[in-house]
Each structure stands twice: as C-alpha cells, then as structure tokens.
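Beneath this line is the structure, given in structure tokens, with notes to follow.
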Amino acid sequence: MFKLKNFFLFTILSCLLIALVGCGSAKETSTKEASNEAQNALEKIKKRDKLIVGVKYDTNLFGLKNPSTGEVEGFDIDIAKALAKKILGDESKVELKEVTSKTRIPMLKNGDIDMIIATMTITEERKQEVDFSDVYFKAGQALLVKKGSNIKGIDDIKKGTTVLAVKGSTSAVNIRQKAPEATVLEFENYSEAFQALKAGQGDALTTDNSILLGMQKQDPSYVIAGDIFTDEPYGIAVKKGETELLQAVNDFLKEYNASGEYDKLYEKWLGEKPKK
C-alpha cells in the first residue's frame, strides 16, 4: 500500500512538472512572438537589409518593365532606389514587387511589401487603411482619346460614351461622379485598358494625366483631351501605425527635394521641371 501511494505521488509530481515546463515553453514562445510584433517596420527592414517596395510594372514613366532588359524603370522606381539608399546606404538593396491598383493595399496589409510607391493618390478613404507620406507628386485626372476624336474634355463625356478605367483606381470612382450617364468599363491594369482603347472598346481612357502622358509617348496617335478635372496628389503608403518608417520616408522626401535631386528626377522622366 505504501509503495502504491508513493507511485501515485510520483506520478502526480511528474505531471505537474511536465505542465510547468509546458507553460514555461508556451510563455517563452509567447514572449518571442510579442517581441517580433513589437519590432517596428523600420527595424525589420534594417535587420533584413533589404527594402521591399510595391510598384507598378505597366505604367510608362513611373513603373514599366522594359521588355528588352527585364528591368522595371520609371519615376517611382528611382524614388524607391533613392529611399533604399537613404535607409540602408545602398540603392541596390531594394526588391521591387509588382502591384496593381487593386492588389497594392492587400499586399501591404499582408506584409508582402514594406511600402507602396505606385502612383497612389492620397484619399480620405484610403487613409482609413494605410498611412501616407507627404505628397511626392502632383497629378490630375484627364482623358486619353484617339487623335481627331470629338471628345475635347470632360464635358463631352455623356450618355452613349464608353470610358475605360482601371479597377481599384480613384479614376474609376471619379468618372462615375463626373459623368454619371456614361458607360464605364474597368480593366485589371493600364496596359489592358490602353489595348482596349486601341481595339475600339471605348471612346476614351481615363486616369491621371501623368500616366496618360506615358501612353501618349508610347503611341502619339493618342492625345490627352482637355484639362485635368481632379487633383491627384501621390503619396507613399505604409502600414497603419508604422510611425518610425513614415517619419524616415518624410525625412527622405524633404532632403531629396532640398538637394535638387527631385527636380532632376522629375525632368528626367517628365521632360520638364516641376511646377512650384
């Protein structure tokens, strides 16, 4: 009987010991997870020694994959490289991931990218999902049409007119507000929308004038019709609450402007100096 009691006592003590070890292990795992979560985005980038940026691959002048070299080139790409140099000391320490207007915010939220530099207009609605830097480019929505078109501006977009736009863009929202009687067809990206315009699927394509300028340069038989009819200030987007990273981005933009490098970059891609 005595031996049996000792056996039961030993068993109970062993179970308690295993439980305590398990709790300790769980607590250690929980502490590690909490530590990882506490590490801010800027620290993670520096530890990784690489900046991962979401950019467009189909937007001439801002982010376009060169078919002959396989390299992505443009205004936004050069901004991303300069930012990598500011944060990590080397512009080559940047990884460019393709995004579209529809996928960029989900990819940022999922942690696939550290930030978005992709002709992204700052809006109150988007501010609910991401944090924006200061404005780094000022654009405005316009229309692209075939040369000789009867469409000369936004006032000519009426019932019976078909306008092409891109999914997830502010342009698609704006055109429905500005021309509610028009038919709007949305495409996955700018390349598809431009091809659709060339194929005669619509009378005009709408997005920011800066993006349309790139299309016009690709094919001069298309022109921008009339003036801009919205203001589209571009910002660099980071995850909500990443104040250290956002501050680093804003510090970079201030320095980049003050040094004159921004004006050089603008002239390189847009062919003129920015309007002050």
Side-chain angles (χ1 to χ4, degrees), residues 40-43 45-46 50-57 59-64 71-97 99 101 104-105 108 113-124 126-127 130-142 169-170 207-214 217 224 227-228 230-276:
N40 67 52
L42 183 59
E43 289 171 344
I45 291 164
K46 289 180 177 179
K50 181 169 65 177
L51 176 65
I52 304 173
V53 183
V55 299
K56 297 278 184 68
Y57 275 32
T59 309
N60 192 28
L61 303 183
F62 284 84
L64 183 68
E71 296 294 319
V72 189
E73 302 164 343
F75 187 95
D76 284 348
I77 308 307
D78 286 352
I79 288 285
K81 289 177 179 178
L83 190 48
K85 186 175 181 179
K86 166 69 177 176
I87 295 174
L88 301 172
D90 186 344
E91 71 169 28
S92 69
K93 291 183 178 181
V94 62
E95 179 181 341
L96 305 172
K97 283 196 175 183
V99 300
S101 297
R104 56 193 172 189
I105 290 179
L108 180 64
I113 52 179
D114 298 315
M115 61 181 64
I116 301 166
I117 309 179
T119 62
M120 190 172 181
T121 301
I122 300 169
T123 68
E124 291 304 317
R126 286 174 178 165
K127 283 180 183 179
V130 301
D131 284 340
F132 280 106
S133 70
D134 296 335
V135 175
Y136 77 93
F137 192 93
K138 293 179 181 178
Q141 190 170 339
S169 66
T170 54
T207 186
D208 302 340
N209 59 340
S210 50
I211 299 171
L212 296 179
L213 179 61
K217 287 192 174 184
I224 295 174
D227 298 323
I228 62 172
T230 68
D231 291 321
E232 305 293 329
Y234 294 167
I236 296 172
V238 302
K239 272 187 179 180
K240 293 287 289 181
E242 291 295 350
T243 54
E244 292 85 356
L245 181 57
L246 190 63
Q247 186 61 54
V249 171
N250 283 333
D251 288 345
F252 156 75
L253 291 175
K254 286 185 179 71
E255 291 173 16
Y256 202 61
N257 269 289
S259 68
E261 289 302 311
Y262 179 88
D263 287 3
K264 291 178 186 176
L265 183 64
Y266 195 102
E267 193 166 7
K268 171 186 173 182
W269 290 107
L270 281 300
E272 61 183 16
K273 290 186 177 179
K275 295 178 178 65
K276 300 296 183 181

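These numbers were taken from a predicted model, which means no experiment stands behind them.
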Charged N to carboxylate O below 4.0 Å: is that the case for Lys254 and Asp134?
-> yes

Any salt bridge between Glu124 and Lys127, counting N to O under 4.0 Å?
-> yes

For the atom pair [atom1] ([X]) and [atom2] ([Y]), what is the distance rounded to the nearest 0.5 Å?
{"X": "Leu245", "Y": "Glu43", "atom1": "CG", "atom2": "CD", "value": "11.0 Å"}
{"X": "Leu213", "Y": "Thr207", "atom1": "CG", "atom2": "OG1", "value": "12.0 Å"}
{"X": "Asp78", "Y": "Leu265", "atom1": "CG", "atom2": "CG", "value": "5.0 Å"}
{"X": "Ile122", "Y": "Asp131", "atom1": "CD1", "atom2": "CG", "value": "11.0 Å"}
{"X": "Tyr256", "Y": "Leu83", "atom1": "OH", "atom2": "CG", "value": "10.0 Å"}
{"X": "Arg126", "Y": "Thr170", "atom1": "CZ", "atom2": "OG1", "value": "5.0 Å"}

Taking all non-hydrogen atoms of both residues into account, name the closest pair between [X] and [Y] and its distance.
{"X": "Val53", "Y": "Ile113", "result": "C-CG2, 4.1 Å"}
{"X": "Arg104", "Y": "Ala118", "result": "NH1-O, 2.8 Å"}
{"X": "Val99", "Y": "Lys56", "result": "O-CD, 3.6 Å"}
{"X": "Ile45", "Y": "Leu88", "result": "O-CD2, 3.9 Å"}
{"X": "Ala237", "Y": "Val130", "result": "CB-CG2, 3.9 Å"}
{"X": "Ile228", "Y": "Gly140", "result": "CG2-O, 3.6 Å"}

Can you list the steps and then say if Phe132 with Tyr234 is a ring-ring contact (aromatic ring centres under 6.0 Å, His included)?
-> CA-CA 9 Å; Phe132 280 106; Tyr234 294 167; over 10 Å; no

Qualifying residue, where the test is side-chain contact (heavy atoms from CB on, under 4.5 Å) with Asn40 and the options are Glu242, Lys46, Lys239 = Glu242

Side-chain contact test, heavy atoms from C-beta onward, threshold under 4.5 Å: evaluate it for [X] versus [Y] and give yes or no.
{"X": "Tyr136", "Y": "Phe75", "result": "yes"}
{"X": "Lys273", "Y": "Asp263", "result": "no"}
{"X": "Leu64", "Y": "Glu73", "result": "no"}
{"X": "Asp208", "Y": "Thr121", "result": "yes"}

Apply salt bridge (Lys or Arg N to Asp or Glu O under 4.0 Å) to the pair Glu267 and Lys264, showing each step before the final yes or no.
-> CA-CA 5 Å; Glu267 193 166 7; Lys264 291 178 186 176; over 6 Å; no

Within the side chain of Asn250, is there an N or O that forms a donor-acceptor pair under 3.5 Å with the backbone of Ser133?
-> no

If only atom types and distance count, is the side chain of Ser101 paired as donor or acceptor with the main-chain N or O of Ser169 below 3.5 Å?
->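 No; judged by distance alone, with no hydrogens or angles, the pair does not exist.
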
Decide yes or no on side chain to side chain contact (heavy atoms under 4.5 Å, CB included) for Glu232 and Thr119, but give the supporting numbers first.
-> CA-CA 9 Å; Glu232 305 293 329; Thr119 62; over 6 Å; no

Give a yes or no on this: more than 12 heavy atoms of other residues, nucleotides or ligands lie within 6.0 Å of atom NZ of Lys85.
-> no

Pairing residues for Asp90 by the salt bridge (charged side-chain N to carboxylate O under 4.0 Å, His left out) criterion, not counting sequence neighbours |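 Scan of Asp90 (salt bridge (charged side-chain N to carboxylate O under 4.0 Å, His left out), adjacent residues dropped) gives none.
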
Trace of the ring-ring contact (aromatic ring centres under 6.0 Å, His included) decision for Phe62 with Phe137 | CA-CA 11 Å; Phe62 284 84; Phe137 192 93; 5.1 Å; yes

